[in-house]
Every structure is written in C-alpha cells, then in structure tokens.
Amino acid sequence: MSYTTITVSRPGAAFRATSNADEANVIFAQVMGIVTANGGESVMIGFDYAQNANVAITTFPDPESAAKASIQIEAKQLLDVVSRGMFSTMEELWPVFTDAMG
C-alpha cells in the first residue's frame, strides 16, 4: 500500500541563495531527484496564496521512504517545511470514517 504526503513549504536556504532561474531550476531538480530516488511520485505541486507557501502532494511506496526523502531535502536546505503529514482523499477516508462512526 502506498503512502501519500501533503507538504507545505517555502524555499530553503539553497533556493534563497540562487540569483537566477537557471540556478533555481537546478535546486528544484535536486528536490525532485531526491523524491524519485526514494520511490516518490509527484501527484500535484502548487502554490497556496493564503499561506504564501508551496503545496505538494506526493505518493511514496511506504512511510519510511517518505521520511527518508524528507530528511534528505531538509538536510540539504532545499525546502523549509511548514507542515508535512499523511494525506488521504475523501474517497479513501470516508469508508473509514463511516465505519468508525458505526
């Protein structure tokens, strides 16, 4: 069973140190390379104007792979994470919710 995360982040020190689009693209490629190397697959990446932050939904093979990618991304100061956690679609969650409610 896969493990899906939702991550809210802002550019890390490495991103902030860039001075042009080419340098920023290299940093973004590093983020995506770490995700891919840990078996992750990007579902969606966007920008939340209310939080002034990036939002990414990513599917990993398991929680351990998600944690490893997270640690590597933060250790390289690629992203500053505001929040990260498990993400479930309503289609996945609703049966569990209704079962729990009896």
Kindly give the heavy-atom pair with the smallest separation between [X] and [Y], and that separation in Å.
{"X": "Gly40", "Y": "Pro61", "value": "N-CD, 4.5 Å"}
{"X": "Thr18", "Y": "Ala24", "value": "CG2-N, 3.8 Å"}
{"X": "Asn54", "Y": "Phe47", "value": "OD1-CD1, 3.4 Å"}

Could you pull out every donor-acceptor pair under 3.5 Å between side chains of residues 91-102 and any protein atom, sequence neighbours left out?
from: Glu92; atom 1: OE1; to: Thr89; atom 2: N; distance (Å): 3.0
from: Glu92; atom 1: OE1; to: Thr89; atom 2: OG1; distance (Å): 3.4
from: Thr98; atom 1: OG1; to: Trp94; atom 2: O; distance (Å): 3.0
from: Thr98; atom 1: OG1; to: Pro95; atom 2: O; distance (Å): 3.2

Legend entry - Contacts of type side-chain contact (heavy atoms from CB on, under 4.5 Å), residue Asp48, not counting sequence neighbours: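 side-chain contact (heavy atoms from CB on, under 4.5 Å) check on Asp48 returns Ala50, Gln51, Val55.
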Legend entry - Side-chain donor/acceptor of Arg10 to backbone N/O of Asn52, under 3.5 Å: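 At least one qualifying donor-acceptor pair exists.
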Inset, instruction - Indicate yes or no for a side-chain donor-acceptor contact from Arg16 to the backbone of Pro11 under 3.5 Å, with no hydrogens or angles considered. - result: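 Present.
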Legend entry - Rounded distance [0.5 Å steps], CZ in Arg84 versus OG in Ser9: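 Result: 8.0 Å between the selected atoms.
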Legend entry - Interatomic distance, Phe87 atom CZ to Thr7 atom OG1 [nearest 0.5 angstrom]: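 Here the interatomic distance stands at 11.5 Å.
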Inset, instruction - Verify the distance criterion only: is there a donor paired with an acceptor across the side chains of Gln72 and Asn38 at less than 3.5 Å? - result: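 Note: Gln72 and Asn38 side chains meet the donor-acceptor criterion.
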Inset, instruction - Quick one: name the residues clustered hydrophobically with Ile34, using the 4.5 Å side-chain heavy-atom rule over I, L, V, M, F, W, Y, and just say none if it's on its own. - result: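 Members other than Ile34 - counting any ILVMFWY side chain reachable under 4.5 Å - are Phe15, Ile27, Phe28, Val31, Met32, Val35, Ile45, Phe60, Ile73, Leu78, Leu79.
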Inset, instruction - Please examine the side chains of Glu74 and Val81, heavy atoms only from C-beta on, and report whether any two atoms are closer than 4.5 Å. - result: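 Yes. Closest side-chain heavy atoms under 4.5 Å.
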